[in-house]
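Remember, it's 1-based here, ligands and their atoms both numbered in the order they're listed.
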Amino acid sequence: SYNRWKSITIEEGLMGFFDDAQEMLDKGVSMAKGAVSGVAVEQQGFVKGFVRLCNDGWDQGWHERNGGNATYRLTPEDLSSCRSYFYDTPSSWVPLGLAAPGMRCSFFLATRAGGFMRNVALDPDASLGIVELNAEGDAWRIVWGFKNGGMPTSEFASHVLIHEARAAATEGASRVLYHAHPVNVVALSAVLPLEARTFTRALWKAMTESVIAFPEGIGVVPWMVPGGPDIARATADLMDAYAACVWAQHGLFCSGVDFDATFGLMHTVEKAADIYVRARLLNGGGDFPNTIPDAGLRAIAAMYGFTVNEAFLEV
Ligand code: 13P
Ligand code: ZN
């Protein structure tokens, strides 16, 4: 009121004005920073590549509802180009449920738990987030994204443990992990023995490109409850040796050095499974009259100059 205004000194009035102005400015800066930070991080090459992978997987029909998830382990260059856009105050630390000391202090771009792959491209900073692992590799916190609440995929523990295994197996080159629910791979897990050799041979022999895409073969984890440390350990143990691993009656995990390699591996495994399933339907089950012979698989490896997993070939 007029009287109240009259009762304070000019200095007090000005101080109040500047306090309010500062508060408004701070709010404005923080809102502007939030908006800029979303856009700035979304413009990074690794985020664009990640968004494209999610969208391409949706287009392929591999992601019903919230099915599937993905993570990318940031390079030091990725980190320095977007660190200034991270939250001033990260979330508090959340236990991972297991320890992956080889991944200590790493940063991961991850899909949101319960998020739909079809929504990622529309709203990357709500569908995705960047998560930091602590110095022990046993807890994480959110440093960017997951706007409107949210947290990394329920399979985050599996992702971190598999990243640790794949980084060790590839001298640090492997950076992308992608989990999807492709229909033919899951269908095959209903009828084939759940072990790596049989699965690998079925896919290698169905299509010429298979042995080129996964010369070490693919692993198979029997049906397990997802989300916990047991399936994480079982998968990471196998992915020491394999870049891809089937989860029976569930889906497939693929890893790679970049988004193309990882998406391409998922695509190739699923396409080979599709061909195998169709051939089996046409044939009414049983052995196929025509498949690539073991000598042919060795000849492909010789022609293209890679090593094929001999344990999965017949002598
Ligand atoms: P999230 O939504 O938690 O990533 O789970 C999806 C999924 O495929 C679980 O296996
Ligand atoms: Zn799944």
Atom 8 (O) of ligand 1: closest protein heavy atom, distance to 0.1 Å, is Gly68 N, 2.8 Å
Looking only at protein heavy atoms, which one is nearest to atom 4 (O) of ligand 1, and what is the separation? Thr153 OG1, 2.7 Å
Could you list which atoms of ligand 1 come closer than 4.0 Å to a heavy atom of Glu155? 9 (C), 10 (O)
Backbone or side-chain N or O of Trp247 under 3.5 Å from ligand 1 N or O: no
Given 3.5 Å as the limit, does a donor-acceptor pair link the side chain of Thr262 with the main chain of Asp258, or not? yes
His181: numbered ligand 1 atoms lying under 4.0 Å from its heavy atoms: 8 (O)
Any donor-acceptor pair under 3.5 Å linking the side-chain atoms of Asp138 with those of Asn134? yes
What I want to find out is whether Arg278 reaches Asp274 closely enough, with some N-O distance under 4.0 Å, to be called a salt bridge. yes
Side chains of Glu64 and His181: is there a donor and an acceptor less than 3.5 Å apart? yes
Side chains of His163 and Thr71: donor-acceptor distance under 3.5 Å anywhere? yes
At less than 4.0 angstrom from any non-hydrogen atom of His179, what atoms of ligand 1 do you find? 8 (O), 10 (O)
For atom 7 (C) of ligand 1, closest protein heavy-atom neighbour: Asn69 ND2, 3.5 Å
Going by distance only, is there an N or O of Gly67 that falls short of 3.5 Å from an N or O of ligand 1? no
Kindly assign one of parallel, tilted or perpendicular to the pair Phe263 and Tyr178, based on the angle between their ring planes and the thresholds 30° and 60°. parallel
Quick note on ligand 1: atoms under 4.0 Å from a heavy atom of His250 include exactly 10 (O)
Round to 10° and report the angle made at the Zn ion (ligand 2) by NE2 of His179 and NE2 of His181. 100°
For atom 6 (C) of ligand 1, closest protein heavy-atom neighbour: Asn66 O, 3.3 Å
Of the choices Ser154, Gly251, Pro226, which has the non-hydrogen atom that lies closest to atom 1 (P) of ligand 1? Ser154
Val220 backbone acceptor or donor facing Trp247 side chain under 3.5 Å: no
Check: His267 ring centre within less than 6.0 Å of Trp62 ring centre: yes
